[in-house]
Student: 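Structure below; questions to follow.
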Amino acid sequence: MNRVYIKTYGCQMNERDSEAVASQLVARGYRMVAREDEADIVLLNTCSVRDQAEQKAIGKMGYLARRKRRDPHFVIGFMGCMAQNRGAELLERLPDVDLIVGTQRFHHVPDYLDSLTAPRVEGAPVPSSIVDTEDEAGSQNTIREHLPDRKRVSAFVSIMQGCNMACTFCIVPRTRGRERGRPIEEIVREVEGLAAQGTREVTLLGQIVTSYGRGEIPAKDGKSPFVQLLERINAIDGIERIRFTSPHPRGFNADLVAAYRDLPKLCEYVHLPLQSGSDRMLRSMNRPYSIGKYLEIVASLRDSVPNMYFSTDIIVGFPGETEEDFRATREVFEEVGFDMAYIFKYSKRSGTPAETMDDQVPAAVKEARNQELLSLLHGQSESRNRSLLGTFQEVLVEGRARKGDHFTGRTRGNRMTHFDAGERLVGQLAPVRIERATASSLYGSLVLSGVESKREAALAGAPGSHC
Ligand code: 5AD
């Protein structure tokens, strides 16, 4: 009765939360399994950003509830953003759910499962559902455990929770609460521990990482707390690459641009949410920057690091978005030349200011705009990848591909790369000569004679060869 399966919806933050819960459960004697049908307990870690994400998790839970009716010892629960957002109301629709745990109470899951699975004498009443969506001061510091004995070449590290912005479309401030950062020393200790276990790349996570520590940690030599944190992580032996997600254009200042130039481990890839290419839409979304400011950040990053890669989030069909607004988005999308993008069709979230705005955009228009941007993205991404043909790229070897016999890893620009390798190279940085490129992936051959290949890479003037 102690086999647990966790299914995660949504962002990397959710993935990291699921992992922390899994590691706490393992410490308590539970066993994590890879398949839902092998589990005695299934937990869904949910996302509320769009209605579709909520509907998927609700549909899945309906299916699990049918199994529970046949097998009353089967335990099912919701965790995370939708649990926080909807709480006990979920039980009206899904009365069989045993557990609903919000975003600040993940670390109580082992206790709750203990009590739900405690041996009961025959005929004793079935325990009633547990709902816990309380706020808890300091809960950001509880997301620090990683699963033991699992070599993780690339790891997520949560540096803060919550969001103090007030984007008119967004539910996250409600599901994740106010901003709370973890102390620098604790984050550094966690990353040192990961490095000691073989982690080579960390991705720092927060809803708005550029707000990390503001108002708590003073600026030093003109450097924000976030840049101070990046410097500390850059100094950790064994860590070879640093990434982070997501910054906010408003907090993306000269110190952060300079960090890309000065910190060799900070990869030349940034995910910088744009949302719209129209100033009018940005105002209506309550995004406090202009397209001019966004393009300035892009230009200064390109000045600092010529082969920078850009990724973004875009919402199409926000209320009131006209053809002209959308054309502006297309133009900025092409001007920046995004290599990667998450394109979302606007989804009404209850209780947000945009929910009641006039001029909601019809679904068909949203769909058409979505397709248009996806096709632009495909072209841009493919041509950036094709520009790498014949170059040597530094790849961090992550492991065997899920399908097939070859290995995969990512370039510093975060491009998925496929190549032949051996187990002993897992966790190593290796030069790969790029021979084939599609919009989503690179294919190439490992160059094994280390020193030789670095020289070759330098001669070929390969992007990324400075690292
Ligand atoms: N509808 C569509 N997309 C949304 N996002 C946030 N809220 C909504 C919404 N109501 C997108 C934004 C954000 C990303 C995480 O999700 O682009 O950056």
Side-chain angles (χ1 to χ4, degrees), residues 12 15-16 19 22-23 26 32-35 146-157 191-203 233-234 236-243 264-269 307 309 340 381 384-467:
Q12 289 111 325
E15 279 180 45
R16 178 69 193 99
E19 198 209 53
S23 108
V26 168
M32 301 308 299
V33 293
R35 286 183 24 200
H146 291 263
L147 279 169
D149 62 62
R150 199 173 135 191
K151 182 167 165 162
R152 198 177 304 272
V153 173
S154 180
F156 292 132
V157 173
V191 177
E192 285 171 345
L194 285 166
Q197 285 168 35
T199 294
R200 296 289 164 257
E201 174 180 279
V202 286
T203 302
I233 293 177
N234 191 68
I236 295 174
D237 280 345
I239 295 299
E240 305 282 358
R241 291 176 167 187
I242 305 168
R243 306 184 190 278
K265 297 178 183 176
L266 187 55
C267 290
E268 48 274 24
Y269 168 91
N307 56 337
Y309 287 74
M340 176 62 204
S381 183
R384 184 74 189 261
N385 274 358
R386 290 184 65 80
S387 77
L388 301 177
L389 286 172
T391 66
F392 294 84
Q393 294 292 310
E394 180 207 83
V395 170
L396 176 60
V397 184
E398 289 191 25
R400 222 174 259 286
R402 243 181 275 154
K403 282 188 199 145
D405 229 13
H406 65 283
F407 283 70
T408 60
R410 287 177 185 270
T411 64
R412 288 189 39 119
N414 212 20
R415 313 311 297 207
M416 177 57 89
T417 309
H418 303 256
F419 47 89
D420 286 327
E423 273 315 322
R424 72 180 178 83
L425 283 168
V426 172
Q428 307 273 330
L429 296 172
V432 171
R433 184 171 190 280
I434 305 304
E435 290 152 355
R436 192 159 77 82
T438 65
S440 59
S441 292
L442 300 171
Y443 300 82
S445 308
L446 264 184
V447 184
L448 284 174
S449 52
V451 178
E452 246 322 83
S453 58
K454 271 206 181 119
R455 216 173 66 83
E456 273 177 67
L459 289 175
S465 59
H466 70 278
C467 46

Student: Given 3.5 Å as the limit, does a donor-acceptor pair link the side chain of Ser441 with the main chain of Thr438, or not?
Tutor: no
Student: Are the side chains of Met416 and Thr408 in touch, meaning some heavy atoms are under 4.5 Å apart?
Tutor: yes
Student: Taking all atoms of both residues into account, what is the closest heavy-atom pair of Leu389 and Ala437, and its distance?
Tutor: CD2-N, 3.9 Å
Student: Hey, does the Lys NZ or Arg CZ of Arg384 hover above the aromatic six-ring of Tyr309, less than 6.0 Å from the centre and inside 45° of the axis?
Tutor: yes
Student: So, does Lys265 use its side chain to make a donor-acceptor pair with the main chain of Ile233 at under 3.5 Å?
Tutor: no
Student: Arg241 vs Leu396, test: side chain to side chain contact (heavy atoms under 4.5 Å, CB included). Steps then yes/no.
Tutor: CA-CA 9 Å; Arg241 291 176 167 187; Leu396 176 60; 3.5 Å; yes
Student: Between the side chain of Thr417 and the main-chain N/O of Arg415, is any donor-acceptor distance below 3.5 Å?
Tutor: yes
Student: Using every non-hydrogen atom in the two residues, find where Leu446 and Ala421 come nearest and quote the distance to one decimal.
Tutor: CD1-CB, 3.5 Å
Student: Can you name the closest pair of heavy atoms from Leu147 and Ser23 and give their distance?
Tutor: CD2-CA, 3.5 Å
Student: Between Tyr443 and His418, what is the ring plane arrangement, given parallel below 30°, perpendicular above 60°, and tilted in between?
Tutor: parallel
Student: Less than 4.0 angstrom from a charged side-chain N to a carboxylate O is my criterion; do Arg412 and Glu268 meet it?
Tutor: yes
Student: Does His146 have any ring pair (Phe, Tyr, Trp, His ring centres under 6.0 Å) partners at least two apart in sequence or in another chain, and if so, which?
Tutor: none
Student: What's the shortest heavy-atom distance between Asn385 and Ser440, and which atoms?
Tutor: ND2-C, 4.0 Å
Student: With the side chain counted from C-beta on, respond yes when Glu15 and Phe156 share a heavy-atom pair under 4.5 Å apart, and no when they do not.
Tutor: yes
Student: Restricting to non-hydrogen atoms, name the atom on Arg200 and the atom on Ala195 that form the minimum distance, rounded to 0.1 Å.
Tutor: NH1-O, 3.7 Å
Student: Donor-acceptor pair, distance only, cut-off 3.5 Å: does the side chain of Ser381 make one with the backbone of Ala439?
Tutor: yes
Student: Report the C-alpha distance between Val426 and Phe407 in whole Å, list the side-chain angles of each, state the deciding distance to 0.1 Å, and finish with yes or no for side chain to side chain contact (heavy atoms under 4.5 Å, CB included).
Tutor: CA-CA 9 Å; Val426 172; Phe407 283 70; 3.8 Å; yes
Student: Please check: side-chain N/O of Thr199 versus main-chain N/O of Arg152, any donor-acceptor pairing under 3.5 Å?
Tutor: yes
Student: Using distance alone, with no hydrogens and no angle criterion, decide if Glu435 and Ser445 have a side-chain donor and acceptor under 3.5 Å apart.
Tutor: yes
Student: Is the backbone of Val157 close enough, under 3.5 Å, to the side chain of Arg16 for a donor and an acceptor to pair up by distance?
Tutor: no
Student: Looking at every non-hydrogen atom in both residues, tell me the closest pair between Ala430 and Val397 and how far apart they are.
Tutor: CB-CG2, 4.3 Å
